[in-house]
Structure formats: C-alpha cells, structure tokens
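Just so we're on the same page: letters track the sequence lines, and every chain starts at 1.
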2 protein chains.
Amino acid sequence: MATNKLQNELKKKRPFESPEQEAALNVLRTNDQLQNRFLRLFREYGVTPSQYNILRILRGEGKPMPSLEIGERMIQVVPAMTGLIDRLEKQSLVRRERCLEDRRVIYIVLTEQGEQLLAKLDDPVAELHRALLGHLSKSELAELSRLLEKARQKIQLEKE
Amino acid sequence: MATNKLQNELKKKRPFESPEQEAALNVLRTNDQLQNRFLRLFREYGVTPSQYNILRILRGEGKPMPSLEIGERMIQVVPAMTGLIDRLEKQSLVRRERCLEDRRVIYIVLTEQGEQLLAKLDDPVAELHRALLGHLSKSELAELSRLLEKARQKIQLEKE
DNA sequence: CGACGATACTTAACATGTAAACTAATCGCA
DNA sequence: TGCGATTAGTTTACATGTTAAGTATCGTCG
C-alpha cells in the first residue's frame, strides 16, 4: 500500500523514513491519546495523572517513602517532586514527615483521605483501561507489552 | 513466572490488575524514555521536541500553514501554539504572516534558517531512531506499529 | 447595513517537567 | 576532631500543556 494509517492520521505527504521512526511516532501518539483520556478521568476526582501515580506508588509500597525514592519509580527528575508533593499535601492526600534518624530525608505518608480517593478510583480506572484497550485480544496485549519492553532495553542501556 | 519486567522495573509488589493496564503502563514508560532521549538530542540544537515537530510539519507540507492547522496535526490544543510559535519566531526559524484575504488567519512560514536546522538534524534523528529501536526486527517493528494503531482505534472513537 | 454567531488566534492562570544552583545534613577519612 | 565530598531536598527560571476568557475578523441573515 502507498500510505498507512498513521501517515494518514498525521496527513503526512511522504512515507516514513524508517520502520523505527514509524514505531516511535506510534508510541508517541498512542501515549498522548491514552494520557488525554486518563487526564479527564482523574480531573473529575481533583487529581492529575502524576499525582495519581504518586498515590498509587505509595499504596503499592504499603508504607511511607522518601520523596526521591518515589521520583525514581516515575520518570521524573527530582525538582518536580517538590511541587507535586506540595499540591498533594495541600489536598491532604499525603503528609510530609521528617525522618528522625536522617534529618535530610522526608518521608511521604499516604493519608486516610489519600487511601479513600484511590479506592474510589480503582473501578473507574480499571474500566477505562478495558474501554480503551479491551478490543485487543489477550495475546495481542501480551505481544504489545513484550515488544514495548524489548524496545526499552536499548533505551535504558544507553541511559547510563 | 511470578513477576515480569515492567513490574520489576516499577518495583511493584503486586501483579498488574489486567493486561490492559500493563500495556497502558508500558506505552507510558516507553514513551517517556523515548521522549527523554530525543529531548536531549534536540536540546543540542536549541529546540524542543514540540518545536521540532512544528518545523517538520511545515517542511512536510511544503508551504505556509495557518497555526491552527499545525495544531491539529499535533495532539495539542490551540492556546499552546501561540507560545510555541512565539519562541520559534524569536529564533527566526519561522515567521508569522497575516493572510490578506482573511485577516483572522496567520500563516506560519518556515524560514531559510528553519530549513537549515531541519537539514542538520535529519541524520542525527534517523540515527537515534535506529540506535533506540534498531534492535527490533523489521517484523517486530511492523507488529508494534500495527498493535499501537489498533489500540488507538477505540481511543479515537471515544474521543469528544 | 448592522447585529449576532462563528472562527482564528491571544491572554491569563495554573500544573508539570527540565536544568542549574542552593541549603542542610550526613559520611568518610585524614 | 573536622573538613571535604556526598546525599536529600528546595528554589528558581523557563518550556510546555490545560482550561477559561478575551479580542479581532468574517459571514450571514433579518
């Protein structure tokens, strides 16, 4: 075929220079659309995707964590954490607690309100995942995850 | 197996709730890492990924375009375009030109400097794509693109 | 021809992400 | 002991993306 879907979606006049570039743009575009949908869902509950991510990480860990450690599990660079935590604290979804043994460290504690918000979001989030990606078969989803994981291998290595 | 790669990467203690969620997080994480690498490359040349994207769209079109039309080809919402164009204009990579027939419309024109910057970036960009994704076979890349395109079908339908 | 709605774009206010520079506390080791 | 390097976190400055509201221009219909 002379043109393909993404090319058409982007109204590109020329074909892609390489399958690598096409795949990279597909990742970018799919991510943008997914993020956009979750952004809207989270907004109904007063949080942003990043804020939700932090709450999820805290719940997953099951106990307070230093903010840098949370940052490591996200893609984010350190300074972004400060403001993010500031806003979560303002909503009383987390609490800062200085570590007594090492006074440089500040633990982030998930509050009761934070737990409750997460609980309220569990079903809508799972449902949105299904609504957006449920038309792919289990084996397609598994293959997609496999390919994306393989894609990241090289990227991470180069990261140093 | 009890755990998988992404689960491990995220230091998650519990498995994913669904293959849909796992795939969505894989898209997110892969995108972040890809974007991060391109961010660094573009920065060496004084532009950001969004700015580069605009220049590419202009070159692809081959003639000046209204800024809203450029915005449509990106994921972006309208107001972001103004600042983006402002900064490109400050670097003399594009130029604003008011349309004489319809004075509401402002055409964005790729300048000679813009063309030159794009030309300088062509090789490094292609090379980075290969460096980051070249370890996937052609058929894997094709399958990845196919799955991502299929993933977007539902997302787009659900839009607005 | 003149007001009203639509269209193209801008402005403002805010959340996020990046880099660079800073502060405070701890560690290592002479 | 005590000084320099390291580590945790904050601040600042700026680019980007979002929503809501504003401005200018155009088209149309009464």
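Look at Glu20(B) and Lys138(A) and you find a salt bridge, because one of the NZ, NE, NH1 or NH2 atoms lies within 4.0 Å of a carboxylate O, short of that distance.
At least one side-chain nitrogen or oxygen of Arg96(B) sits closer than 4.0 Å to the OP1 or OP2 atom of dT10(C). For the OP1/OP2 pair of dA8(C) and a distance below 4.0 Å, the side-chain nitrogens and oxygens of Ser67(B) include no atom meeting the criterion. The phosphate of dA15(D) has neither OP1 nor OP2 within less than 4.0 Å of any side-chain N or O from Ser50(B). Contact annotation: Asn36(B) side-chain N/O to dT18(C) OP1/OP2 distance is under 4.0 Å.
At the heavy-atom level, Thr82(A) lies under 4.0 Å from base atoms of the strands shown. Arg98(A) comes within 4.0 angstrom of no nucleic acid atom, judged by non-hydrogen atoms across all strands. Contact annotation for Pro79(A): base contact, defined as any heavy-atom pair under 4.0 Å involving a base atom. Residue Glu69(A) is out of contact with every strand shown, counting any heavy-atom pair closer than 4.0 Å. Within the nucleic acid shown, Gln35(A) has no heavy atom closer than 4.0 Å to any nucleic acid atom. Residue Val105(B) is classed as a sugar-phosphate contact, given heavy-atom separations below 4.0 Å to backbone atoms only.
Nearest heavy-atom pair across Leu132(B) and Lys154(A) is O-CB, 3.6 Å. Nearest heavy atom pair, residue Pro49(B) against residue Gln35(B), reads CB-NE2, 4.1 Å.
Side-chain proximity of Arg103(B) to dC26(D), dT16(D), dT18(C): nearest is dC26(D). Considering only the side chain of Arg87(B), dA15(D) comes nearest among dT25(D), dA15(D), dA8(D). The side chain of Ala80(A) approaches dT18(C) more closely than any other nucleotide in the set dT16(D), dT18(C), dG9(D).
dA8(C) atom P lies 14 Å from atom CD1 of Ile108(B), rounded to whole Å. Rounded to an integer number of Å, the gap from CG of Leu68(B) to P of dT25(D) is 16 Å. In this structure, Leu28(B) atom CG and dT16(C) atom C1' are separated by 14 Å, rounded to whole Å. In this structure, CD1 of Ile106(A) is placed 17 Å from P of dT23(C), rounded to the nearest angstrom. Spacing between atom CD of Gln51(A) and atom P of dG17(C) amounts to 10 Å, rounded to whole angstrom units. In this structure, CE of Met81(A) is placed 13 Å from C1' of dT10(D), rounded to the nearest angstrom. Regarding Gln91(A), its CD atom lies at a distance of 15 Å from the P atom of dC14(C), rounded to whole Å. When rounded to the nearest whole Å, the span between CG of Asp86(B) and P of dT10(C) equals 7 Å.
Judged by distance alone, with hydrogens and angles left aside, Arg104(A) brings a side-chain donor or acceptor within reach of the base of dT7(D), the pair sitting under 3.5 Å.
Where Lys90(A) and Arg43(B) each meet DNA chain C at their nearest nucleotide, the meeting point lying more 5' is that of Lys90(A). Of the two residues contacting DNA chain C, namely Gly83(B) and Pro49(A), the nearest-nucleotide position lying further toward the 5' end is that of Gly83(B).
Between Val94(B) and Leu58(B), the closest side-chain pair of non-hydrogen atoms falls below 4.5 Å.
Rounded to the nearest 0.5 angstrom, Ile108(A) CD1 and Ser67(A) OG are separated by 5.0 Å.
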Evaluation steps, side chain to side chain donor-acceptor pair (under 3.5 Å), between Asn26(B) and Arg152(A): CA-CA 9 Å; Asn26(B) 268 310; Arg152(A) 285 203 303 281; 2.9 Å; yes
